[in-house]
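Please read the structure below before turning to the comments.
We name chains A, B, ... by the order of the sequence lines, and we start the count at 1 in each one. What's counted below: heavy atoms across the whole structure, side chains too, no hydrogens, waters or symmetry copies.
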2 protein chains.
Amino acid sequence: MLKYQQIAAEIEQYINQHDLKQGDKLPVLEQLMSQYGVSKSTVTKALELLERKGIIFQLRGSGIFVRRHNRPGYMSLFSTQGFKSNLGDRMLTSDVLDVSVTKPDATVAQNLGIDVTDDVYRVERVRFVDGEVFCHEESYFVKAIVPYLNREIVADSIFDYVQGALGVTIGFSDMYMQVGRLSASEAGYLGLQQDDPTLRIETIFHLSNGKPFDYSRITYHYEYSQFVVQANGPYM
Amino acid sequence: MLKYQQIAAEIEQYINQHDLKQGDKLPVLEQLMSQYGVSKSTVTKALELLERKGIIFQLRGSGIFVRRHNRPGYMSLFSTQGFKSNLGDRMLTSDVLDVSVTKPDATVAQNLGIDVTDDVYRVERVRFVDGEVFCHEESYFVKAIVPYLNREIVADSIFDYVQGALGVTIGFSDMYMQVGRLSASEAGYLGLQQDDPTLRIETIFHLSNGKPFDYSRITYHYEYSQFVVQANGPYM
DNA sequence: AATTATAATTGTACCGGTACAATTAAACAA
DNA sequence: TTGTTTAATTGTACCGGTACAATTATAATT
């Protein structure tokens, strides 16, 4: 693990363990430097990471402060999208409906940048948070990149498996969101009525080399899907 | 304007003017250094900015590449939230329903971290993109920070005014999203039916010193609200 | 007590450097 | 041709430094 990642993790842990609140001040840069025995730029990089994660904010001439949003029921949009596993103390489980190798239709192929003759893994799951139906997910993996999947892997975290066992690194993702109405079958999975409102998110996950490897469509249960997104300033 | 911001803006402009596609390669770091006559770290910082904006991705040992999502109809979630004005060539207009000074109710006061006896500006607008009803917005500004607003300012960009004329800098925001059904009055504003699905986003905007100054509730027209969010990897 | 000028604090911009890991290209061998 | 080894390319991690702007604390003034 890189130094600045390690330091960021330790500072985050410190904030959680001491239950620091919004606006609480952290040690000044110079102290963090000596405390962790690294140069200024390394600490700065760690802090930048935490800033992007929405955990701190820095104010020139003043100090480094804790940033906290105050709505317990809301999950980070990104934590439910493969990234960051910090769902806090919530239990995430899955019913696996399908794991199979097939050919993609035109839409799927286009989103994955492959040919309709290429193989893909199709995975279908219903996901639960603390036992409550949370979403229905249909996702496709490029088989050339993810050569093997089974029900055990899929019941757990696919992303951990892909990054761990397969040794590929995930780079970035494009999420497309829209609101709509549930179809009859979707309503069945989510325990809702047809035409009930829903949030749909399609996501294309890319490896760090830019190649798409996963295209997923998630339909959220509107009563249990409350998301928080912490954004950082107008950067320019 | 800072050097690295300037360079980032120029590179972005270059990409747009030459209509570069996803995967197209940009000049290598060393060339960018000499081209702009700055040090490596300054170029790196510019590139990092562009990476966060979802405009490029970098691959060690290989190069710097253009990143582009391929869905024209979708707007960046952040561009509709005060940040970044890059709505492309779309026309954003507003019907101003209310601009007045009042006292906040308990919820508003709590979200803004002020007392119910403090003054706030209440602004209510219906917003249009290319003439189509896009959303209904109700927002509250802390009067101690934003001492004056009128219909002209509000019809345009409030954020530009706040940052420009008032000289305060916006730091970060917390967005809370959920899906629900429209009330009768909301449906009226959006030209929809009661109980139609909708996306609701509440946002608390903070100054760079961490103080909240704007709390807004937006209700989106579900047919015209399609958002894209470009996320960057699991950072840790 | 309230305002204003001054000084100390503290993060950010920018420089220039070394070492290194991932990728790609070139050279070589089977 | 195909695979393997080697070398060149290229971005990232990390160091340590100077200058500076925004904030906050202190001192001086009204």
Side-chain angles (χ1 to χ4, degrees), chain A residues 1-9 11 23-52 56-67 163 166-172 206-211 232-233 235-236, chain B residues 1-9 11 23-52 56-67 163 166-172 206-211 232-233 235-236:
Chain A
M1 200 179 202
L2 298 170
K3 278 190 188 178
Y4 76 92
Q5 292 178 329
Q6 180 64 39
I7 293 169
I11 293 173
D24 283 356
K25 195 174 179 183
L26 292 175
V28 300
L29 227 169
E30 200 140 353
Q31 193 190 318
L32 293 172
M33 284 169 62
S34 62
Q35 184 171 329
Y36 294 106
V38 295
S39 78
K40 179 166 47 178
S41 53
T42 303
V43 174
T44 303
K45 210 142 192 294
L47 295 173
E48 198 183 299
L49 210 60
L50 294 174
E51 204 166 34
R52 280 211 275 160
I56 62 163
F57 65 93
Q58 302 183 71
L59 191 51
R60 164 159 77 185
S62 184
I64 304 156
F65 303 91
V66 173
R67 177 177 171 197
Q163 296 210 92
L166 269 54
V168 300
T169 56
I170 297 164
F172 52 89
H206 305 254
L207 300 180
S208 54
N209 66 10
K211 291 205 186 89
N232 287 319
Y235 342 114
M236 315 185 66
Chain B
M1 201 178 201
L2 298 170
K3 278 189 188 177
Y4 76 93
Q5 291 178 329
Q6 181 64 39
I7 293 169
I11 294 174
D24 283 356
K25 194 174 179 184
L26 292 175
V28 300
L29 227 169
E30 200 139 354
Q31 193 189 319
L32 294 172
M33 284 169 62
S34 62
Q35 184 171 330
Y36 294 106
V38 295
S39 77
K40 178 167 48 178
S41 53
T42 303
V43 175
T44 303
K45 210 143 192 292
L47 295 173
E48 198 183 298
L49 211 59
L50 294 173
E51 203 166 36
R52 282 211 275 161
I56 62 163
F57 66 93
Q58 301 183 72
L59 191 50
R60 166 159 77 185
S62 183
I64 304 157
F65 303 91
V66 173
R67 177 176 171 197
Q163 296 210 93
L166 270 54
V168 300
T169 55
I170 297 164
F172 53 90
H206 305 253
L207 300 180
S208 54
N209 66 10
K211 291 204 186 89
N232 288 318
Y235 340 115
M236 318 184 64

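One can place CD of Gln5(B) at 14 Å from C1' of dA21(D), the figure rounded to the nearest angstrom. When rounded to the nearest whole Å, the span between CD of Gln6(A) and P of dC14(D) equals 11 Å. Nucleotide dA22(D) holds its C1' atom 13 Å from the CG atom of Leu2(B), rounded to whole Å. Atom P of nucleotide dT12(C) and atom CG of Leu49(B) are separated by 14 Å, given to the nearest angstrom. Summarising the geometry, the separation between CG on Asn209(A) and C1' on dT10(D) is reported as 15 Å, rounded to the nearest angstrom. Going from atom CG of Asn232(A) over to atom P of dT12(C) covers 12 Å, rounded to whole Å. Between Phe57(A) atom CZ and dG11(C) atom P there is a gap of 12 Å when expressed in whole angstrom units. Here the C1' atom of nucleotide dT12(C) and the CD atom of Glu48(B) are 13 Å apart, to the nearest Å.
Considering only heavy atoms from C-beta on, Arg67(B) stays 4.5 Å or farther from His206(A) through its side chain. In this structure, Lys40(B) and Val43(B) have side chains that are not in contact, with every pair of non-hydrogen atoms separated by 4.5 Å or more.
For the side-chain contact (heavy atoms from CB on, under 4.5 Å) criterion with Ile7(A), the lone passing option out of Leu2(A), Thr42(A), Leu49(A) is Thr42(A).
For the atom pair Leu47(A) CG and Leu32(A) CG, the distance stands at 6.0 Å (nearest 0.5 Å). Rounded to the nearest 0.5 angstrom, Ser208(A) OG and Gln163(A) CD are separated by 9.0 Å.
Checking side-chain atoms of Glu51(B) against main-chain N and O of Gln58(B) turns up a donor-acceptor pair under 3.5 Å. The closest donor-acceptor contact from the side chain of Lys45(A) to the backbone of Ala8(A) lies at 3.5 Å or more, if one exists at all.
Residues from residues 58-66 of chain B with heavy atoms under 4.0 angstrom of DNA chain C, sorted by number: Arg60(B), Gly61(B), Ser62(B). Taken residue by residue, residues 28-46 of chain B places heavy atoms nearer than 4.0 Å to DNA chain D at Val28(B), Leu29(B), Lys40(B).
The aromatic rings of Phe172(A) and Phe57(B) sit tilted, their planes meeting at an angle between 30° and 60°.
Heavy atoms of other residues, nucleotides or ligands lying less than 6.0 angstrom from CD of Gln35(A) number more than 12.
OP1 and OP2 of dC14(D) both lie 4.0 Å or more from every side-chain N or O belonging to Tyr4(A).
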